[in-house]
Novice: 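Provided herewith is a single structure, encoded as structure tokens, for subsequent inquiry.
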Amino acid sequence: MSCIVRSLLCTTRSPSAVGLSRALLCTASRDIPPSLSDFVVRKPGVNANLVDGKRLAEKIHGEVASQIHEMVSRGKRPPNLTVVLVGNDPPSQTYVRSKHRAATKVGMNGNIICKPDTISENELLELVHELNRDDQVDGLLVQLPLPDHISEKLVCQSVDPHKDVDGFHMFNIGRYVMGQPAFIPATPLGVLEILKRCRVETFGKTACVVGRSRNIGFTLSTLLQSDSYGTGDIRLGADATTIVCHRYTPPDKLKSMTLISDIIITATGVPGLIKEDMVKEGTVVIDVGITRIKGKDGKPRLVGDVQFDEVSKHASLITPVPGGVGPMTVAMVLRNTLDAAMGVYRDIDVKLGALNGRDERIDKENGESDMVG
């Protein structure tokens, strides 16, 4: 992180700051502190503590609603979240409706713009540019997947990075990779929020991320290993020793990596990948994977990457599927939209621009140059 950003965050890397960072976090145990009892629960027959993602998401919704109420009471308009939906993909329609309901419930203005799957790439890009220019739109996301004839990468990069509440724009990716505040994709941000709210100590701990997808595994592994610069802000970094495993990691190597890990986060979509003999006692297990399978009764059901019944015997804290990470995703979209409406990152960019301009002037006055002879 540059000295400019450090000064903006009013942080320094000092023993006292590190001590504060560590004091804010405690190792997860099976004793539930009263302050966590709203969303960390016990279930008969399950040894581990369970993260109730729905309860935690509702708590965050309430916090966002309170901040919006305060904004409106000061004479400002409510934040606006606009979602562009292309085609008739049923899961996408369901997800978009849930975002819209949640946004409306917390007091945001929510718009859904539906377009047929026959829309051309140029037409969709023009729509995005139009919404970029609309000052009434704070958060903008284009629901994925898109039809095959449209480049998802091109569309995601066309969204104004200051409205990019999905966190997919390379501008935001570059910022969080460099340790600067940025919009973080909602699912990884939800995982980080679970760790933070449940007071899971990450400083100096070993974390294993299973899965390296760009929007989940890559983001999580980057932020888990990054330096928080003594802030204790897990969105900047978690200061963990981080291991990344993926589809080409041999099964025996995967097992050896998870067994030395204090925290396991899996996001592969492979049911039952993480087994009982792959988890040491007291591990924190976050299951991001979700797959629809046919149950023993012939009815479809959702399962995660973790063999829940077996692994929960040894974990200190675990997220169920469904009802764990899933509800947090929508909550984090709302949080990002609120930040966009408050101009959080725009304000930082203005300060960075001013400071960078000052530094360039100083360099010129001192006769310094980027060119090296």
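All values derive from a computational prediction rather than experimental measurement.
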Novice: Report yes if the side chains of T241 and Q225 come closer than 4.5 Å at any heavy-atom pair, otherwise no.
Specialist: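 Result no, sub-4.5 Å side-chain heavy-atom pair not found.
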
Novice: In the structure I gave you, are the side-chain heavy atoms of P188 and L223 within less than 4.5 Å of one another anywhere?
Specialist: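 Heavy-atom side-chain distance check fails, nothing below 4.5 Å.
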
Novice: Side-chain heavy atoms under 4.5 angstrom apart, residues restricted to Ile, Leu, Val, Met, Phe, Trp, Tyr: same cluster for V40 and I265?
Specialist: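 Yes; tracing contacts between hydrophobic side chains, which count when under 4.5 Å, links both residues.
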
Novice: Taking V270's backbone N and O only, do any of them form a donor-acceptor pair with D305's side chain (distance below 3.5 Å, no angle check)?
Specialist: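 Checked: pair present.
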
Novice: Could you state whether V325 and V311 fall into the same hydrophobic cluster, counting links through intermediate Ile, Leu, Val, Met, Phe, Trp or Tyr residues with side-chain heavy atoms under 4.5 angstrom apart?
Specialist: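 Not linked; separate clusters.
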
Novice: Would you call M328 and M332 a side-chain contact if the rule is heavy atoms closer than 4.5 Å?
Specialist: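 Result yes, sub-4.5 Å side-chain heavy-atom pair found.
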
Novice: Going through the checks in order, is the side-chain contact (heavy atoms from CB on, under 4.5 Å) test met by H100 and V83?
Specialist: CA-CA 8 Å; H100 183 264; V83 182; over 6 Å; no

Novice: Could you walk me through whether Y95 and D89 pass the side-chain contact (heavy atoms from CB on, under 4.5 Å) check?
Specialist: CA-CA 10 Å; Y95 189 38; D89 179 57; over 6 Å; no

Novice: A side-chain contact here means heavy atoms from C-beta on lying under 4.5 Å apart; do F168 and V155 qualify?
Specialist: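 No; the side chains remain at least 4.5 Å from each other.
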
Novice: Has the side chain of R175 got a donor or acceptor atom that lies under 3.5 Å from a matching backbone atom of P181?
Specialist: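 Side chain of R175 to backbone of P181, a donor-acceptor pair under 3.5 Å: yes, one is there.
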
Novice: Considering all heavy atoms of both residues, which atom of L317 and which atom of A48 are nearest to each other, and what is their separation?
Specialist: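 Residues L317 and A48, closest heavy atoms: N-CB, 4.3 Å.
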
Novice: Got more than 12 heavy atoms from elsewhere within 6.0 Å of NZ, K280?
Specialist: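 Above 12, so yes.
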
Novice: Around D297, counting heavy atoms of other residues, nucleotides and ligands shown, do more than 12 lie under 6.0 Å from its CG?
Specialist: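 Yes, enclosed.
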
Novice: Give, for atom OG1 of T268 and atom CZ of R247, the distance between the pair rounded to the nearest 0.5 Å.
Specialist: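 So the OG1 of T268 and the CZ of R247 are separated by 10.0 Å.
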
Novice: Report yes or no: does H149 contribute a side-chain atom to a donor-acceptor pair with the main-chain N or O of I119 at less than 3.5 Å?
Specialist: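 Indeed, once roles are kept as given, a pair shorter than 3.5 Å links the two residues.
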
Novice: Check R55 with D52, please: is the shortest side-chain N to carboxylate O separation under 4.0 Å?
Specialist: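 R55 and D52: salt-bridged.
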
Novice: Does the pair L131 and I113 meet the rule for a side-chain contact (heavy atoms from CB on, under 4.5 Å), with working shown?
Specialist: CA-CA 11 Å; L131 295 170; I113 300 176; 3.9 Å; yes

Novice: Would you indicate whether R74, at its atom CZ, is surrounded by more than 12 heavy atoms from other residues, nucleotides or ligands within a distance under 6.0 Å?
Specialist: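 Enclosed: over 12 neighbouring heavy atoms sit under 6.0 Å from CZ of R74.
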
Novice: Count the heavy atoms of every other residue, nucleotide or ligand shown that sit under 6.0 Å from NE2 of H129, and state whether that count exceeds 12.
Specialist: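 Result for NE2/H129: enclosed.
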
Novice: Please say yes or no: joined through hydrophobic side-chain contacts below 4.5 Å, possibly via intermediate residues, are I216 and I286 part of one cluster?
Specialist: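 In one cluster: yes.
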
Novice: Quick check: does any side chain N or O of N336 sit under 3.5 Å from a backbone N or O of I184, one acting as donor and the other as acceptor?
Specialist: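 It does hold such a pair.
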
Novice: Distance from Q136 atom CD to N109 atom CG, nearest 0.5 Å?
Specialist: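 Rounded to the nearest 0.5 Å, the CD-CG separation comes to 8.5 Å.
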
Novice: Judged by atom type as modelled, is there a donor-acceptor pair below 3.5 Å linking the side chain of T82 to the main-chain atoms of N111?
Specialist: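 Checking the backbone N and O of N111 against the side chain of T82, no donor-acceptor pair under 3.5 Å is found.
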
Novice: Please indicate whether K275 has more than 12 foreign heavy atoms, meaning atoms of other residues, nucleotides or ligands, lying under 6.0 Å from its NZ.
Specialist: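 Enclosed.
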
Novice: Between atom OG1 of T291 and atom CG of L273, what is the distance when rounded to the nearest 0.5 Å?
Specialist: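 Separation between the atoms: 10.5 Å.
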
Novice: For R235, does the CZ atom sit with more than 12 other heavy atoms under 6.0 Å from it, leaving out its own atoms?
Specialist: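 No, because the 6.0 Å sphere around CZ of R235 holds 12 heavy atoms or fewer from other groups.
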
Novice: Please step through side-chain contact (heavy atoms from CB on, under 4.5 Å) for the pair C156 and D166, ending with a clear verdict.
Specialist: CA-CA 9 Å; C156 288; D166 258 340; over 6 Å; no

Novice: Are any of the side-chain nitrogens in K115 or E123 under 4.0 Å away from the carboxylate oxygens of its partner?
Specialist: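 Looking at K115 and E123, the cut-off is not met.
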
Novice: Under a 4.5 Å cut-off applied to non-hydrogen side-chain atoms, are T187 and N215 in contact?
Specialist: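 Of all side-chain heavy-atom pairs linking N215 with T187, none is under 4.5 Å.
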
Novice: Which value, rounded to the nearest 0.5 Å, describes the distance between H169 atom NE2 and Q157 atom CD?
Specialist: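 Here the rounded value is 5.0 Å.
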
Novice: State which residue, out of T219, I263, V191, L195, fulfils the side-chain contact (heavy atoms from CB on, under 4.5 Å) condition with L224.
Specialist: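 Of all the options given, the one that passes is L195.
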
Novice: Any Lys/Arg nitrogen of R133 or E126 sitting under 4.0 Å from an Asp/Glu carboxylate oxygen of the other?
Specialist: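 Yes, this pair counts.
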
Novice: May I ask you to decide whether R77 forms a salt bridge with D135, counting only side-chain N to carboxylate O separations under 4.0 Å?
Specialist: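 Looking at D135 together with R77, the answer is no, because their closest N to O distance does not fall below 4.0 Å.
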
Novice: Taking all atoms of both residues into account, what is the closest heavy-atom pair of P145 and E152, and its distance?
Specialist: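 Answer, listing the atom of P145 first, then E152: CA-OE2, 3.1 Å.
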
Novice: In this structure, are over 12 heavy atoms from other groups packed under 6.0 Å from R214 atom CZ?
Specialist: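 No, because the 6.0 Å sphere around CZ of R214 holds 12 heavy atoms or fewer from other groups.
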
Novice: Does the pair R197/D38 count as a salt bridge with the N-to-O cut at 4.0 Å?
Specialist: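 A salt bridge is absent here (no side-chain N lies under 4.0 Å from a carboxylate O).
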
Novice: If we ignore hydrogens and angles and just use 3.5 Å, is the side chain of T231 paired with the main-chain N or O of Y229 as donor and acceptor?
Specialist: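 Side chain of T231 to backbone of Y229, a donor-acceptor pair under 3.5 Å: no, none is there.
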
Novice: Donor-acceptor pair, distance only, cut-off 3.5 Å: does the side chain of D262 make one with the backbone of T283?
Specialist: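 Flag not set: sc D262 to bb T283 has no pair under 3.5 Å.
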
Novice: Under 4.5 Å between any side-chain heavy atoms of D287 and F308, yes or no?
Specialist: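 Heavy-atom side-chain distance check fails, nothing below 4.5 Å.
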
Novice: Nearest heavy-atom pair of V165 and A340: which atoms, and what distance?
Specialist: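 So the minimum-distance heavy-atom pair works out to CG1-CB, 4.3 Å.
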
Novice: Classify the ring geometry between F183 and Y345 as parallel (under 30°), tilted (30 to 60°) or perpendicular (over 60°).
Specialist: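 Ring orientation of F183 relative to Y345: perpendicular.
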
Novice: Is the shortest side-chain heavy-atom distance between L140 and V128 below 4.5 Å?
Specialist: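 They are in contact (side-chain heavy atoms under 4.5 Å apart), so the answer is yes.
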
Novice: Working to the nearest 0.5 Å, report the span between CG of L50 and CZ of F39.
Specialist: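 It is 13.5 Å, given to the nearest 0.5 Å.
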
Novice: Drop me the distance from T104's OG1 to L81's CG, to the nearest 0.5 angstrom.
Specialist: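 The distance works out to 9.0 Å.
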
Novice: Does D148, at its CG atom, have more than 12 non-hydrogen atoms belonging to other residues, nucleotides or ligands within less than 6.0 Å?
Specialist: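 For D148, atom CG is not crowded (no more than 12 foreign heavy atoms under 6.0 Å).
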
Novice: Using the rule that Ile, Leu, Val, Met, Phe, Trp and Tyr join whenever any side-chain heavy atoms are under 4.5 Å apart, tell me whether L154 and M170 fall into a single cluster.
Specialist: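 In one cluster with L154: M170, no.
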
Novice: Whether the side chain of N132 engages the backbone of D160 through a donor-acceptor N/O pair (distance < 3.5 Å, no angle test) should be reported.
Specialist: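 Pair found, side chain donor or acceptor close to backbone of D160.
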
Novice: Judged by modelled atom types alone, do S228 and D239 share a side-chain donor-acceptor pair under 3.5 Å?
Specialist: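 There is such a pair (donor and acceptor under 3.5 Å, judged by atom type) between the side chains of S228 and D239.
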
Novice: Assigning hydrophobic clusters by single linkage (Ile, Leu, Val, Met, Phe, Trp, Tyr; side-chain heavy-atom cutoff under 4.5 Å), is V46 placed with V303?
Specialist: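 As far as the 4.5 Å side-chain criterion goes, V303 and V46 are not connected within one cluster.
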
Novice: Which pair of non-hydrogen atoms, one from A267 and one from V288, has the smallest distance, and what is that distance?
Specialist: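 For A267 versus V288, the nearest heavy atoms are CB-CB, 3.7 Å.
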
Novice: Return the minimal non-hydrogen interatomic distance between M342 and Q67, and the atom names on each side.
Specialist: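 Closest heavy-atom pair between M342 and Q67: SD-NE2, 4.4 Å.
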
Novice: Minimum heavy-atom separation for S261 to I243, with atom names?
Specialist: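 The answer is OG-CD1, 4.1 Å.
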
Novice: Do the non-hydrogen side-chain atoms of S316 and N49 ever get within less than 4.5 Å of each other?
Specialist: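 Of all side-chain heavy-atom pairs linking N49 with S316, none is under 4.5 Å.
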
Novice: Please check: side-chain N/O of S312 versus main-chain N/O of N47, any donor-acceptor pairing under 3.5 Å?
Specialist: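 Answer holds: no.
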
Novice: Spell out, as yes or no, whether a donor-acceptor pair under 3.5 Å connects the side chain of K54 to the backbone of P327.
Specialist: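 Absent.
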
